Amino acid sequence: MKIALLGMGTIGTGVYEIAQSLPDVEVKWVLEKRFQAEYITDDMNVILSDPEIELVVETMGGLHPAYEFASQALASGRHFVTANKLLVSAYGVELTKLAREKGVAFLYGAACGGGIAYLANLTIARGIDRITALGGILNGTTNYILDAMQTKGSDYAAVLAEAQSLGYAERDPSSDVDGLDTQRKLILASAVGFDRWFKPEDIPTRGIASVLPLDVTWAKTHGLVIRLCARAERSADGKVSACVEPTLVDRHAPEAAILSNVNYAWYEGEKYGLMSYIGQGAGKDPTAANVLRDVRSVSAGHRYMTSETCVPGVPDNASAVERYYLRVPAGTAIPEDWVQLPIHSGEWDVYETNPVPVAEMHARMAEIKSAFFAGIRRA
Ligand code: HSE
């Protein structure tokens, strides 16, 4: 199959390099402004007007012009494979509709879980079983940071810079540390697993940017480990809750064993029970290999990751409650029914809360950027 590759950044370079060793995939064109070669063009029309190109791979990232190029490729009858979770989380509904109208593929397995074939497996499982919950540790950068802070006592800023230099972090790492990258991946997984396209603003999302050594110490002394977790759950009446937040897991929980930039993606089905996938969630080669897995699966006849019944939806967090570890600037007013007395005071007030509505915790803390909270999930 002759393909075109949009963007020769970290992942694009990986796709190009790995494709050289595959007998069935030829990268005929690369869309890129920065380099020159006979196979490189900076004009999308060169690719669109080449009748030999059957499939377009997008690894340029960002929303624009990725969205315009995706629309043009699909409208021209080309299959489209992308690793761009921002693109799919924002325009998945439109692009899937266009792909279905044109009868061409739209796959984005590498956009959630990096190198892990998580969405591909979830797509198959969803067709067989009723998925009841899904989620996991879906961001390599934040796991790298949290692991280093907790096991080596590393400094937050220094270890974030390391994650950037290793190619794990996004161009703007605030989307990693603020939980937005995880949120986008949860949107994709929920679309595949639950037939609902959620909007980013409807998912309560908190990252790890405010974590302090004080939080790490508290977790450690209580036999807990801090992880940034995504979770979406379907209740018996079909409503789906969804959120992204730091979570304190028991030190013997599977999440606690996920170290460095590794991801842990799971789903639960009525028949399957709990199925979990562990592997490289970020980085050049694993992600590029997963992109090429999607390319091959187009050749094998696979077309879409969501079902025909997948529609836009709003998560219902009305009944979601959680017991939290909460650290706020001293004197911050906290609803009386949330907490007893602080368990630590000084510059910060630290609480272990009663069960608190998840959406309310996120909403109240949205303006208190220095606060840190984490759902407590003891074994
Ligand atoms: N910045 C992302 C991460 C890259 O750290 O997981 C893979 O999506």
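Start at 1 and go down the list; that is how both ligands and their atoms are numbered. All values derive from a computational prediction rather than experimental measurement.
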What do you reckon, are the aromatic ring centroids of H362 and F373 less than 6.0 Å apart?
yes
With sequence neighbours left out, what residues match N84 under side-chain contact (heavy atoms from CB on, under 4.5 Å)?
E58, A66, T82, L86, L87
List the protein residues in contact with ligand 1, where contact means a heavy-atom separation under 4.0 angstrom.
K85, N139, G140, T141, Y168, A169, E170, D176, D181, K185, G281, A282
Those residues at least two apart in sequence (or on a different chain) that pass side-chain hydrogen bond (donor to acceptor under 3.5 Å, both in side chains) with R303 are none
Rounded at 0.5 Å granularity, tell me how far CZ in R377 sits from SG in C229.
8.0 Å
Only one of D181, N263, N261 passes side chain to side chain donor-acceptor pair (under 3.5 Å) with N139; say which it is.
D181
What pairs with T41 under side-chain contact (heavy atoms from CB on, under 4.5 Å), at least two apart in sequence or on another chain?
W29, L31, D43, V46, I47
